[in-house]
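A quick note: this is a predicted structure, and the numbers were derived from the prediction, not measured. In each ligand, atom 1 is the first atom listed, and ligand 1 is the first ligand listed.
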Amino acid sequence: MTRPSLRKRASRLFGQWGVFFRGFVEEPRMVGSIIPSSRFTINKMLAPVDWQRCEVFVEYGPGVGTFCQPVLDRLRRDGSLIVIDTNPLYIDYLKKHFRDSRFHAVHGSAADVIDIVKAHGHDGADYVLSGLPFSTLPDGVGPAIAEATHEVLRPGGAFLVYQFSAKARDFMAKHFRRIDRGFELWNVLPCQLFWGWKDAKD
Ligand SMILES: C[S@@+](CC[C@H](N)C(=O)[O-])C[C@H]1O[C@@H](n2cnc3c(N)ncnc32)[C@H](O)[C@@H]1O
């Protein structure tokens, strides 16, 4: 009884990792990692989210969707998860594998988050999660994304960022007065975690 289900799970896992790895080989600077995030990173990153007040959750750079199911598992029934990735390979994969009506996969850049959120009928987002490799993005893209993210967030919301280096923090610091910081060792590679909070006066 357990064998077929184990086999199914193993093939799904390697299928997912295979697609992720292919994306890395094709666009190494845009993907920035050869292995998806660990469950330790996922749990720590999402821990401060107030799911009751989260109507719109946006994710930048979902890749093959490592965070998507954990977010959907926590998200309200009337919530929306909008994921944005520049790689069409990943967006096609996500559209095939996530059938949840709250899930919306968009092929585009995080820099266009304001228009993308509006196009989905919302005036802003409660939380934005980023797995973008800020250190290797083309010049100017990181600062533009940090600015657009601050603008799209509703007061009380937060920008959740994980990255191997602390580069993202430099971009966040221009817009977010309060940035909490964490670290996750159990990840390939160990990574830095940041939570930039948008307060009511911002
Ligand atoms: C390190 S991977 C993230 C992997 C995944 N979130 C995880 O935790 O396993 C970075 C992702 O960012 C995407 N990306 C790079 N630049 C982007 C941009 N400007 N807007 C949206 N996605 C982008 C890449 O295509 C890739 O899927």
Problem set entry | Structural part of T41 in contact with ligand 1, heavy atom criterion under 4.0 angstrom | neither
For this session: Please indicate whether any nitrogen or oxygen in G61 is less than 3.5 Å from any nitrogen or oxygen in ligand 1.
Result: yes
Problem set entry | Numbered atoms and elements of ligand 1 in range of P36, under 4.0 angstrom, heavy atoms | 9 (O)
Exercise. Can you find an N or O of I145 that's nearer than 3.5 Å to an N or O of ligand 1?
Worked result: no
Exercise. Can you list the ligand 1 atoms lying under 4.0 Å from a non-hydrogen atom of G63?
Worked result: 27 (O)
For this session: Using a strict cut-off of less than 4.0 Å between a Lys/Arg side-chain nitrogen and an Asp/Glu carboxylate oxygen, indicate whether R178 and D199 qualify as a salt bridge.
Result: no
For this session: Go through ligand 1 atom by atom and flag the ones less than 4.0 Å from a non-hydrogen atom of I84.
Result: 21 (C), 22 (N)
Problem set entry | Test of ring centre spacing under 6.0 Å for F194 and F171 | no
Problem set entry | Distance-only side-chain donor-acceptor flag, S135 / S165, under 3.5 Å | yes
Exercise. Any chance the side chains of Y60 and T149 put a donor and an acceptor closer than 3.5 Å?
Worked result: yes
Problem set entry | L137 neighbourhood, listing ligand 1 atoms whose heavy-atom distance to it stays under 4.0 Å | 16 (N)
Exercise. Does E147 come within less than 4.0 Å of K174, counting only side-chain N to carboxylate O?
Worked result: no
Problem set entry | Option set V113, L89, D85, criterion heavy-atom distance to atom 27 (O) of ligand 1, minimum | D85
For this session: Please determine, by modelled atom types, if Q192 and R181 share a side-chain donor-acceptor pair under 3.5 angstrom.
Result: yes
Problem set entry | F67: numbered ligand 1 atoms lying under 4.0 Å from its heavy atoms | 8 (O)
Exercise. For ligand 1, which atoms have a heavy atom of N87 less than 4.0 angstrom away?
Worked result: 25 (O)
Problem set entry | For G131, the ligand 1 atoms whose distance to one of its heavy atoms is below 4.0 Å | 1 (C), 2 (S), 3 (C), 10 (C)
Exercise. Is Y60 in contact with ligand 1, taking contact as a heavy-atom separation below 4.0 Å?
Worked result: no
Exercise. Hey, is the main chain of S109 close enough, under 3.5 Å, to the side chain of T86 for a donor-acceptor pair?
Worked result: no
For this session: Could you walk me through whether D123 and K118 pass salt bridge (Lys or Arg N to Asp or Glu O under 4.0 Å), step by step?
Result: CA-CA 6 Å; D123 61 359; K118 269 194 195 135; over 6 Å; no
Seminar exercise, completed: Under 4.0 Å between heavy atoms, the region of P62 that gets near ligand 1 turns out to be backbone
Exercise. What class does the angle between the rings of F159 and F134 fall in, given that below 30° is parallel, 30 to 60° is tilted and above 60° is perpendicular?
Worked result: perpendicular
Problem set entry | Which segment of T86 sits under 4.0 Å of ligand 1 when only heavy atoms are counted | both
